Amino acid sequence: MKLTELLSGIETLQRAGAPETDITSLGFDSRHATAGQLFFAVKGSASDGHDYMAQATANGAAAVVCERLPEEPFPGVAYIVVADSSAALGTIASRFYGEPSHKLKLVGVTGTNGKTTTATLLYDLFRRLGYKAGLISTVVYRIDNETLPSTHTTPDAIRLNAMLAEMAERGCDYCFMEVSSHSIVQERIAGLTFAGGIFTNITHEHLDYHGTFAEYIRAKKRFFDRLLKGAFALVNADDRNGAVMVQNSAATTYTYALRSFSDFRCRILENTPEGMLLELDGQQVWTRFLGRFNAYNLAAVYGAARLLGADCDETLQALSTLTPVNGRFDTLHSPDGITAIVDYAHTPDALRNVMDTVNELRSGAGRLIVVVGCGGDRDRTKRPVMAQIAAEGADLALFTSDNPRHESPEAILDDMVAGLEPGARYLRIADRAEAIRTAVMLSRPGDIILVAGKGHETYQIVGDVKHPFDDREEIKKRFALLN
């Protein structure tokens with residue numbers, strides 16, 4: 001494709017070099033630049049692509065999109081100066097891949113908790129309704145029935161548009177994707193056209209990146225600000241920030257709720273260890289999900305499906321067949337009656353919601369034992385809050401490592417226990433496998449062990465290395481030794 005075609009409509013501050021250059025690929029990693037590539041000098045949190053423009057052109061890049069010209073331009077290379085390289089990357093990537101978001105209905109799900117479940121259940125639901133669909137989530141990417149490994153909640157703009165293009169080529173009618181606050185700020189979704197957006201909730205998270213809660217809210221709101229007229233914005237009316245999200249949005253606003261008046265009202269009629277009986281829009285439906293937080297997720301799924309034109313009765317029937325998402329309230333049982341639950345809950349609100357659900361389901365003298373940690377190189381302010389929630393809601397809390405990354409596990413635990421009240425019942429065991437083993441050894445028939453924080457993850461990040469680790473496998477191993 002000609003560079004001039006890709007730049008059509010892009011506001012540029014300065015241009016130098018050959019405008020008719022043929023572009024064969026896009027990239028932002030100078031190490032992988034090849035002949036004919038359009039290289040984007042993007043500013044990241046750890047490095048600045050402008051420092052690698054010379055390497056990219058030396059490796060064959062035919063053109064460079066940047067925010068400032070290099071001191072020594074490479075001969076024969078076209079340079080395009082823009083105000084924001086990241087935003088230009090998203091728009092140009094969409095154009096390079098044939099505007100794929102125009103060829104299917106793209107629905108974005110954003111919020112602190114519930115994004116993965118909501119997006120995944122929409123994918124599962126529409127496939128049950130007979131449609132081809134795509135999924136872009138924290139856990140996995142799917143193109144119809146093909147599964148691809150997930151690297152980010154929302155991938156970079158090049159990979160994202162490439163996947164959307166493949167979905168469209170394979171005849172997918174819909175794509176449901178998680179939209180993270182990072183991806184919004186970093187313009188990974190620039191240039192995409194969304195048929196609709198869903199807001200789940202917003203709580204304390206990612207302050208290590210956004211700085212303040214107000215900035216975190218603003219990041220989420222930007223997604224709805226950019227929805228076009230004709231799109232829908234479906235927001236949780238029970239979250240006080242739901243109304244904030246859709247201020248100034250051109251999209252048509254709809255609401256769902258359990259407590260408030262809303263367009264799609266959900267009520268929990270029964271909540272049992274086997275599932276929930278819900279009332280959605282006045283009709284009853286039995287689901288295999290547990291907990292109030294999942295009732296919100298299902299209300300969002302139902303509302304979005306109806307807004308996308310799905311039949312009411314067919315939607316409710318399909319909802320009743322859906323099963324929980326991998327790593328979200330996964331339940332395992334020991335031969336002697338101990339229950340273990342693995343959940344991705346890694347924010348204060350998510351942990352509280354899962355623990356409340358477990359406590360509602362407890363019966364008899366069974367105790368709740370919680371194993372939880374906090375990630376390294378992430379928001380430190382939530383660590384004492386997480387520990388306090390665990391200690392208050394459980395009979396015994398075991399604090400351990402999550403993904404320590406470049407921090408000392410013991411230092412992370414120090415931050416956690418600093419928030420505990422005197423007399424709190426807890427153990428601190430930095431080794432996660434040992435913490436799980438201890439929880440199993442201390443449990444007795446009727447007890448419930450909640451292992452929170454990592455959910456679907458099959459690794460533990462120490463430094464820059466991902467070591468194999470799966471909470472579920474560790475639990476199975478320890479349960480097998482009880483025989």
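Computation of the quantities below employed the complete heavy-atom set of this structure, encompassing side-chain atoms and omitting hydrogens, waters and symmetry-equivalent molecules. Treat the numbers as computed from the prediction; the structure is a model and nothing was measured.
For D356 and R292, the salt-bridge test fails: no basic side-chain N is under 4.0 Å from an acidic carboxylate O. Taking 4.0 Å as the cut-off between side-chain N and carboxylate O, R352 and E392 do not count as a salt-bridged pair. E146 and R170 are joined by a salt bridge, as a carboxylate oxygen and a charged side-chain nitrogen come within less than 4.0 angstrom of each other.
Under the side-chain contact (heavy atoms from CB on, under 4.5 Å) criterion, D415 pairs with R380, R383, sequence neighbours left out. In terms of the ring pair (Phe, Tyr, Trp, His ring centres under 6.0 Å) criterion, residue partners of Y131 (sequence neighbours excluded) are, by chain and number, F126, Y174. When the side-chain contact (heavy atoms from CB on, under 4.5 Å) test is applied to T193, the partners found at least two apart in sequence or on another chain are S101, H102, L228.
Side chains of T347 and N113: a donor on one and an acceptor on the other come within 3.5 Å. Side chains of T255 and D263: a donor on one and an acceptor on the other come within 3.5 Å.
The aromatic rings of F194 and F223 sit perpendicular to each other, their planes meeting at more than 60°, with 30° as the lower class boundary. Using cut-offs of 30° and 60° for the angle between ring planes, the Y296 and Y256 rings count as perpendicular.
Paired with Y344 under the rule side chain to side chain contact (heavy atoms under 4.5 Å, CB included), one option of V325, T116, T138 passes, and it is T138.
Contact annotation: the side chain of L278 approaches that of I268 to within less than 4.5 Å [non-hydrogen atoms, C-beta and beyond].
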